[in-house]
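It should be emphasised that the depicted structure is a prediction, and the values quoted were computed from it without experimental measurement.
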Amino acid sequence: MTEKVAPPPSPSPPLQWPFLTPERRKLIEVWPHQYAFLELCRQYPMVFMHGSVQNGKSYALNLAGIDRVTNIGTQPPEHSDRVFWVTVPTRAPYWHNFQPVFEKCWGWAQDGGMILERNETLARYVIKAADNGKPWTCWVRYADKPDTFRTASPDFILMTEAALYKPEIFALAQFRVAKMNGPIFGDTSPNGLGWFWKQVIETAAVTIDYGPTESGGQPVRTTRTMGADPRIALVNGVPIRANRFMRRETLQVMQERMSSEQWRREGLGQAFAQSGLCLRSFDPRIHLKPKPSVEQFRNSRAQWEMIAGIDYGFSDATAKVWLAVNAGRYFVTDEYEESGRTLKVHAEQWALNPWDAQVKWRYDDPSLPLARAELEERGVKRIFPGNNDVEAGIDTLNRLFETGKLVISDHCVKLLDAIGTWARNKKTGKPEHPGDVLAALRYAVLTHSLANDGKPVPQGWPEDGTGKVKWKLPDGTVTELTEEAPELKGEEREVV
C-alpha cells in the first residue's frame, strides 16, 4: 500500500522525545523518513537507513544515539560502564565528514547535556546527558583497523556507511554489541548489490520505502514486510530530493561533480549490480591526445602545474605517472613502469625524465611510509600520502572522463592497457587489482581533485595551438580572457 506522508504531528505524551527540542523537531519534520527511523530504533536491535547523500541520514543516526544516551525507553545494564561506539569505514575521509555532524548533534546544551571531554588523538568523547547521572564514553572505531573492534563491548553502536565494511568486521561488531544485548543503528549509501544487500537489506523484517512523486512533490512512503530476519528493520531508498533544503542549483552542482553511476548510487539512492569494466567512461576517440612536449605546456598562456603519482612494487612493478593540471583538467603526459629494481635506480631514472623537474606535488601509496622516506633521502621531494579509496578513485576517474577533463597521451601504452582490462570480480562486484600505473594515476588524481575541487575549467588544450581560456559572459556571449579585457576577471564570469 502506498500513501503520501504528512508532516508528523508533535509526539504525545510530551516526554516521548525529550531530546528533541522544538528547534530540532522543526528541522527533521522536513524529512519524514527520520521519524520512521527513530521509531524503528525503539523496536528492533538492528536498524539501518539506506539512501542517497545529503538527506539527513547521519543526523537521524545521531538522534537515535541521543535517545539511547538519555536513557529513554531502555536502561543500560547495571554493570555497564556506559560506553558506545561510532564506527566509520576509515579515518579519512569518512571521519572528517562525519565529525562536524556528530558534534553538532551532540551539542544539546539547552537540554542540560554537554561534552565533558574530547580527545581526537584517541578518538574518544565523554558525554553527559541531561539528568541521567553517570557520563557516557564514546569511542570512534575504524573498520580498516580490526583490532579496534576487539576492546570492551559497548552498550550500542552507531555505524556510518555500513555497506563499506568487510563482512567479517560487520560480524565482529555484532558479536561485541551482543555481549551487552545492545542495538546497532546504522546508515549507508547504496554500494551495489553486494554482501550488505544480501545479508541486511534483503533479509530485513520490516522495510519502509521512500521515493519522490512523479511531480517531485511530497515523498511517498510504502511499508512492507520483506525478509525473514526478525532483528533487522530498514528505511530504504531515501532519495536526495527528500531533502527539501536542497536547492536545484546545489543538486546540479553535486551531479556535475559525480560520475553517472555515482549519481545514481549516491544522489538517487539506487542500488544496482556493479560489473564489467571499472572505467567504462573512457573513450579512446575522445580521451587520447598526441604526445606533448614540456615546451608546449611551459609556453601555454594557461597556468599548468605538474603533479605525479607513485605506486611502489617490491614483488610487482614500481610505477609513476606524470600529469599536467590546470583548473580541474588533467593531462597524463608520461608513464614509467619497471620491476626488479631498487628505489635508488627508480629515483635515478625519474630524474632523467624532463617532466620530473616540473613536478610540484607527488602522491604515493599511503601504506608505505618507509619507501617514501627513502625516496626523499634520494632527492625525490614533496611526496605526500595518496588517497587509497578505490571506489572513490573509480568514481573520480569516470567523472573526469565523462566531462572530458582527463585526457591521456597516446604513447602511455601500459596505462591504456590497464584501463582496458581493469574490471570487477564477477562474484563479489569488487574491483580487481589494477595495473601499477593505473594505481599511481588513481592516487594522484583522487588526492589532488579532493584538495582542489571547485576551480574554474578552461577551454583549449596546449597542444591544439591555442592554450587560451574562454569565458561566458552574463549575456551569453563567449570571449577569451585577454589583457585587453580586464573586466572579465571579476566574479561575474562563468567558465564555458
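- Heavy-atom minimum distance, Y330 versus V445: OH-O, 4.1 Å.
- Side-chain contact between T87 and I157 is present, with at least one heavy-atom pair separated by less than 4.5 Å.
- Interatomic distance, S449 OG to R399 CZ, rounded to the nearest 0.5 Å: 6.0 Å.
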Exercise. May I have the step-by-step check of salt bridge (charged side-chain N to carboxylate O under 4.0 Å, His left out) for E391 and R424, ending in yes or no?
Key: CA-CA 11 Å; E391 291 291 351; R424 295 181 179 273; 3.0 Å; yes
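- Closest approach of V325 and H448 over heavy atoms only: CG1-CE1, 3.4 Å.
- A search for side-chain contact (heavy atoms from CB on, under 4.5 Å) contacts involving V253 returns R257, not counting sequence neighbours.
- T137 contributes atom OG1, which lies 7.0 Å from atom CZ of R124 (distance to the nearest 0.5 angstrom).
- Two residues are said to be in side-chain contact when any heavy atoms from C-beta on lie closer than 4.5 Å; S409 and T333 fail this criterion.
- Counted by atom type alone, E402 and S259 present zero donor-acceptor pairs between their side chains at under 3.5 Å.
- Residues satisfying the ring pair (Phe, Tyr, Trp, His ring centres under 6.0 Å) criterion with W197, sequence neighbours excluded, are H50.
- In this structure, K166 does not pair ionically with D144, as no charged nitrogen and carboxylate oxygen lie closer than 4.0 Å.
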Exercise. Output, in order, the C-alpha distance, side-chain angles, deciding distance and verdict of ring pair (Phe, Tyr, Trp, His ring centres under 6.0 Å) for F37 and F48.
Key: CA-CA 8 Å; F37 178 77; F48 294 92; 8.7 Å; no
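- Listed by chain and residue number, nothing satisfies the salt bridge (Lys or Arg N to Asp or Glu O under 4.0 Å) test with R264 (two or more places apart in sequence, or in another chain).
- Atoms CG and CG, from L397 and L446 in turn, are 8.0 Å apart once rounded to the nearest 0.5 Å.
- Residues in residues 51-62 take part in no salt bridge (charged side-chain N to carboxylate O under 4.0 Å, His left out) pair, two or more places apart or across chains.
- Side-chain N or O atoms of N398 include one that pairs as donor or acceptor with a backbone N or O of C278 at under 3.5 Å.
- Closest approach of P366 to N388, counting heavy atoms only: CG-CB, 3.8 Å.
- Every residue meeting the side-chain contact (heavy atoms from CB on, under 4.5 Å) condition with T148, not counting sequence neighbours, appears here in chain and number order: R141, K145.
- Using a 4.5 Å cut-off on side-chain heavy atoms (C-beta onward), F331 and P292 make contact.
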Quiz prompt | side-chain contact (heavy atoms from CB on, under 4.5 Å) evaluation trace for C138 with W85 | solution = CA-CA 5 Å; C138 168; W85 291 356; over 6 Å; no
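- Between atom CD1 of residue I419 and atom SG of residue C412 there is a gap of 9.0 Å, rounded to the nearest 0.5 Å.
- Going from atom CG of N236 over to atom CG of D209 covers 5.0 Å, rounded to the nearest 0.5 Å.
- Q303 places no side-chain N or O within donor-acceptor distance of the main-chain N or O of N326, the cut-off being under 3.5 Å.
- Two residues are said to be in side-chain contact when any heavy atoms from C-beta on lie closer than 4.5 Å; M306 and F297 fail this criterion.
- Side chains of E161 and S189: a donor-acceptor N/O pair is present below 3.5 angstrom, by distance only.
- D410 meets the salt bridge (Lys or Arg N to Asp or Glu O under 4.0 Å) test with no other residue; sequence neighbours excluded.
- In this structure, V407 and V332 have side chains that are not in contact, with every pair of non-hydrogen atoms separated by 4.5 Å or more.
- Under a 4.0 Å N-O distance rule, the pair K414/D417 does not qualify as a salt bridge.
- With rounding to the nearest 0.5 angstrom, the CG atom of D187 is 4.5 Å from the OG atom of S58.
- Taking the six-membered ring for Trp and the full ring otherwise, F175 and F149 have centroids separated by 6.0 Å or more.
- Two residues are said to be in side-chain contact when any heavy atoms from C-beta on lie closer than 4.5 Å; R362 and V380 meet this criterion.
- In this structure, Y165 has its ring center no closer than 6.0 Å to that of W195.
- A donor-acceptor contact shorter than 3.5 Å links the side chain of Q296 to the backbone of S293.
- Ion pairing of K405 with E256 is absent here, as no side-chain N (NZ or NE/NH1/NH2) approaches a carboxylate O to less than 4.0 Å.
- Within the structure, ring pair (Phe, Tyr, Trp, His ring centres under 6.0 Å) contacts touching residues 375-431 (residues at least two apart or in different chains) are F282-F401, H287-F401, W361-F384.
- Minimum interatomic distance between L343 and L375 (heavy atoms only, all atoms of both residues): O-CD2, 3.9 Å.
- W322 and Y336 have perpendicular rings, their planes meeting at more than 60° on a 0 to 90° scale where under 30° would count as parallel.
- Here side-chain hydrogen bond (donor to acceptor under 3.5 Å, both in side chains) pairs that include residues 367-377, with residues two or more places apart or in two chains, are D364-R372, D365-S367, E374-R378.
- The heavy-atom pair separating L251 from W263 by the smallest distance is O-CH2, 4.0 Å.
- Under the side-chain contact (heavy atoms from CB on, under 4.5 Å) criterion, S52 pairs with N55, I240, sequence neighbours left out.
- With a 4.5 Å cut-off on side-chain heavy atoms, F196 and I201 count as touching.
- In this view, D436 satisfies the salt bridge (Lys or Arg N to Asp or Glu O under 4.0 Å) rule with no residue, not counting sequence neighbours.
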Practice problem: Dump the intermediate steps for side-chain contact (heavy atoms from CB on, under 4.5 Å) on Y142 and V88, then the final yes or no. | Solution: CA-CA 5 Å; Y142 309 113; V88 294; 3.4 Å; yes
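- Taking S339 as the reference, A317 meet the side-chain contact (heavy atoms from CB on, under 4.5 Å) condition, with sequence neighbours excluded.
- A308 and K320 get closest at one heavy-atom pair: CB-CE, 3.6 Å.
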Quiz prompt | side-chain contact (heavy atoms from CB on, under 4.5 Å) evaluation trace for I394 with Q262 | solution = CA-CA 9 Å; I394 293 173; Q262 186 182 14; over 6 Å; no
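- Side-chain contact between D334 and V321 is absent, with no heavy atoms from C-beta onward closer than 4.5 Å.
- The 12-atom threshold is exceeded at NZ of K430, counting heavy atoms of other residues, nucleotides or ligands nearer than 6.0 Å.
- Scanning for side-chain hydrogen bond (donor to acceptor under 3.5 Å, both in side chains) contacts around E348 gives K344, with sequence neighbours left out.
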Exercise. For side-chain contact (heavy atoms from CB on, under 4.5 Å), just list the numbers for E249 and Q252, CA-CA rounded to whole Å, side-chain angles, deciding distance to a tenth of an Å, and then say yes or no.
Key: CA-CA 5 Å; E249 295 81 4; Q252 183 176 356; 5.5 Å; no
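- The aromatic rings of F185 and F156 sit tilted, their planes meeting at an angle between 30° and 60°.
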